[in-house]
*Asks:* 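Got a structure for you, written out below as structure tokens; questions coming shortly.
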Amino acid sequence: MKELVEVIAKALVDHPKEVVVTENQSEKAIVVELRVAQSDMGKVIGKQGRIAKAIRSVVKAAAAKEERKVIVEIMQ
């Protein structure tokens with residue numbers, strides 16, 4: 001899941017070298033944290049959070065194939 005989020009984020013931002021994705025596993029779910037440059041934050045979130053919702057939907061669909069739960073968090 002980490003790679004999927006990273007590819008999507010790098011395609012959206014102006015500073016792809018500043019995209020950092022970390023993955024933490026817990027008993028219930030995998031938490032994927034996405035960090036981007038402050039100037040790119042709006043591009044990843046989108047108007048009214050539409051881009052963020054779309055990223056979460058794609059990751060959720062990929063996780064459903066593996067029967068896992070994945071949470072995507074966009075960090076500052």
Side-chain angles (χ1 to χ4, degrees):
M1 295 305 132
K2 177 182 172 183
E3 295 82 16
L4 177 61
V5 174
E6 192 171 349
V7 167
I8 293 170
K10 284 184 177 184
L12 293 171
V13 299
D14 288 334
H15 304 95
K17 291 183 180 181
E18 293 186 39
V19 172
V20 177
V21 180
T22 56
E23 188 174 86
N24 301 316
Q25 289 193 337
S26 67
E27 293 177 16
K28 296 182 180 180
I30 299 171
V31 179
V32 179
E33 294 179 352
L34 171 61
R35 295 179 193 272
V36 296
Q38 188 65 35
S39 60
D40 290 329
M41 192 62 78
K43 292 180 181 166
V44 173
I45 295 172
K47 288 187 180 179
Q48 298 180 352
R50 288 188 181 132
I51 304 282
K53 284 181 190 176
I55 292 171
R56 289 183 178 114
S57 295
V58 169
V59 172
K60 186 175 181 181
K65 272 187 156 179
E66 299 175 12
E67 298 179 4
R68 307 195 92 187
K69 183 175 179 181
V70 177
I71 300 167
V72 178
E73 294 182 358
I74 300 171
M75 312 295 281
Q76 283 190 353

*Asks:* Does Val32 belong to the same Ile/Leu/Val/Met/Phe/Trp/Tyr cluster as Leu12, with side-chain heavy atoms less than 4.5 Å apart forming each link?
*Replies:*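 Yes, it is one cluster - the side chains of Val32 and Leu12 are joined through contacts under 4.5 Å.
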*Asks:* Here's a test for you: under side chain to side chain contact (heavy atoms under 4.5 Å, CB included), which of Val72, Ile71, Ile30 qualifies with Val59?
*Replies:*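 Checked Val72, Ile71, Ile30 against Val59; only one passes side chain to side chain contact (heavy atoms under 4.5 Å, CB included): Val72.
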*Asks:* Can you see which heavy atom on Met1 is nearest to which on Glu66, and at what distance?
*Replies:*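 That closest heavy-atom pairing would be CE-OE2, 3.7 Å.
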*Asks:* Under the rule for salt bridge (charged side-chain N to carboxylate O under 4.0 Å, His left out), what residues qualify as partners of Lys2, not counting sequence neighbours?
*Replies:*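 With neighbours one apart ignored, the set is empty.
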*Asks:* Please report the interatomic distance CG(Asn24) to CD(Glu33), rounded to the nearest 0.5 Å.
*Replies:*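 The distance works out to 5.5 Å.
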*Asks:* Report whether Ile55 and Val31 are members of the same hydrophobic cluster (ILVMFWY, side-chain heavy atoms less than 4.5 Å apart, transitive linking).
*Replies:*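 No; tracing contacts between hydrophobic side chains, which count when under 4.5 Å, never links both residues.
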*Asks:* Atom CG in Leu34, atom CD in Glu23: separation rounded to 0.5 Å?
*Replies:*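 Answer for the CG-CD pair, Leu34 versus Glu23, is 12.5 Å.
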*Asks:* Is Val44 close to Ile51 at the side-chain level, that is, under 4.5 Å between some pair of heavy atoms?
*Replies:*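 A side-chain contact under 4.5 Å is absent here.
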*Asks:* Evaluate the side-chain proximity of Ile74 to Met41: yes if any heavy-atom separation is below 4.5 Å, no if none is.
*Replies:*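 When only atoms from C-beta onward are counted, Ile74 and Met41 do touch, with a gap below 4.5 Å.
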*Asks:* Which atom pair, heavy atoms only, marks the closest approach of Ala37 to Glu18?
*Replies:*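 Looking at all heavy atoms of both residues, the shortest contact is CB-OE1, 3.1 Å.
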*Asks:* Quick one: do Val58 and Val70 end up in the same hydrophobic cluster if we chain Ile, Leu, Val, Met, Phe, Trp and Tyr together by side-chain heavy atoms under 4.5 Å apart?
*Replies:*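 Val58 and Val70: one cluster.
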*Asks:* According to salt bridge (charged side-chain N to carboxylate O under 4.0 Å, His left out), who are the partners of Arg68, at least two apart in sequence or on a separate chain?
*Replies:*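 By the salt bridge (charged side-chain N to carboxylate O under 4.0 Å, His left out) rule, Arg68 matches no residue at all.
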*Asks:* Is there a donor-acceptor pair under 3.5 Å between the side chain of Arg35 and the backbone N or O of Gln76?
*Replies:*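 Checking the backbone N and O of Gln76 against the side chain of Arg35, a donor-acceptor pair under 3.5 Å is found.
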*Asks:* Could you give the distance from CD1 (Ile8) to CZ (Arg56), rounded to the nearest 0.5 Å?
*Replies:*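 Separation between the atoms: 12.0 Å.
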